[in-house]
Amino acid sequence: MIGTDVQHAANLLKAGQLVAIPTETVYGLAANAFDDTAVQAIYKAKGRPQFNPLIIHTNGLHRIEEWGMQVPEKALALANAFSPGPISFVIPKSNQISDLVTAGHEYVAVRIPNHPLCLDLLSRLDFPLAAPSANKSGCISPTTAQHVADQFGEEIPYILEGGPCTIGLESSIVSFANKQIQLLRLGGLAKEKIEAVLNCKLSIEHIQNNENPLSPGLLSRHYAPTTPLYLESSVSPTSLGEPTKIACIRFQQYHPAIPKENQFILSEMGSLDEAAQHLFMAMRLADAGNFNCILAEVFPPHGLGLAINDRLKRAAVAS
Ligand code: TXA
Ligand code: MG
């Protein structure tokens, strides 16, 4: 059921049930992070491999410390600048965080989401919420409550309706494991903004090459529509057959060789933030249409364009 009753959502979570929650990035599939049976139900509902750890969510840094975790100094600087917001921190876990949440790692990913309903919910709970994106493993992350309902139906007792996600891409993940600072996932907070606070450059080569031993969930093929998706940089539209059967995902302007009605323009005014917000919706709509394939533009490689390109590359068929 979809609804806006925050107390009902809180009661279900306290009783060990799963609830889909809105955040500014994407919807999450949440359970009490201190209840292993409830956390196990997340893995089962998503069909998620057990080696892939979960992010825990709460409404304030003080609570992370109350639960026995020390936030490293540089993480604190980032949190002060951007939390609540679209960033997750991988920090040393405390005994209260079970191996099931971290998939056996000594480090846990924590995030303070910036969504009023979600923050209200979190403030009513005396435990953090473990929450991956509320999609079946390998599928596109949901940016509306209806996307979650479409995929899970009655499998989840409640979906908290918080409107369309305003960021539309999953959080950026910064790891402080082993006294190193590493960007593990390009996401809803631009890399340049993170670098400005840390006062250093962050490498993304390991992300682009899929050498990401620290973040086992970031497999090369992910976020995938079922219709084959190609990047404009790797194919020419003429090799894809009949133009009327090709859908396009583009930044600002229509592709000249494809019918306009097949095309999804993510931001007419050329805002990468707006484009990010519309990306997953466009991927879903293109997938649902009667197309043989999807052709996607490569976005400008700065700001959220880097994260958009990352998601498109993972959605693309190998070329
Ligand atoms: O925006 C988001 O981060 C959303 C919303 C719901 O908060 N959540 C989300 O969770 O995207 P998920 O599970 O779909 O993606 C989390 C990623 C996975 O790739 C996982 O491997 C990685 O974070 N991760 C989680 N815990 C980790 C840890 N302790 N160390 C390294 N990577 C971790
Ligand atoms: Mg996910």
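In listed order, ligands and their atoms are each counted from 1. Since the structure is predicted, the reported quantities are computational estimates derived from the model, not experimental observations. Computation of the quantities below employed the complete heavy-atom set of this structure, encompassing side-chain atoms and omitting hydrogens, waters and symmetry-equivalent molecules.
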Using a strict 4.0 Å cut-off to heavy atoms of [X], name the atoms of ligand 1 that fall inside it.
{"X": "Ala109", "answer": "25 (C), 26 (N), 27 (C), 29 (N)"}
{"X": "Tyr107", "answer": "29 (N)"}
{"X": "Ser171", "answer": "1 (O), 2 (C), 3 (O)"}
{"X": "Val26", "answer": "4 (C), 6 (C)"}
{"X": "Gly28", "answer": "6 (C)"}

Quiz item: Is there at least one pair of N or O atoms, one from His57 and one from ligand 1, spaced under 3.5 Å apart?
Solution: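 Between His57 and ligand 1, an N or O pair is found under 3.5 Å apart.
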Quiz prompt | Contact (N/O only, under 3.5 Å) between Tyr27 and ligand 1 | solution = no
Self-check item: Any Arg185 heavy atom less than 4.0 Å to ligand 1
Solution: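 Contact present.
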Check each heavy atom of [X] against ligand 1 and say whether those closer than 4.0 Å belong to the side chain, the backbone, both or neither.
{"X": "Arg48", "value": "side chain"}
{"X": "Leu54", "value": "backbone"}
{"X": "Asn52", "value": "side chain"}
{"X": "Ile21", "value": "neither"}
{"X": "His105", "value": "neither"}

Quiz item: Do Trp67 and Phe34 have ring centroids that are under 6.0 Å from one another?
Solution: yes
Quiz item: Any side-chain donor paired with an acceptor under 3.5 Å for Thr25 and Ser171?
Solution: no
Practice problem: Consider only side-chain N and O atoms of Asp5 and Tyr158, and report whether a donor and an acceptor are under 3.5 Å apart. | Solution: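 Per modelled atom types, Asp5 and Tyr158 side chains form no pair under 3.5 Å.
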Quiz item: For the Mg ion (ligand 2), does an N/O/S atom of Asn135 lie at less than 2.8 Å?
Solution: no
If you count heavy atoms of other groups shown closer than 6.0 angstrom to [atom1] of [X], is the number above 12?
{"X": "Lys14", "atom1": "NZ", "value": "yes"}
{"X": "Glu154", "atom1": "CD", "value": "no"}
{"X": "Asn199", "atom1": "CG", "value": "no"}

Quiz prompt | CD1-CZ distance between Ile87 and Arg185, expressed to the nearest 0.5 angstrom | solution =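 Nearest 0.5 Å value for the CD1-CZ distance: 11.5 Å.
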Self-check item: Pair Glu195 + Lys74, salt bridge at N-O below 4.0 Å
Solution: no
Quiz item: Is any side-chain N of the basic residue among Lys136 and Glu155 closer than 4.0 Å to the acidic one's carboxylate O?
Solution: yes
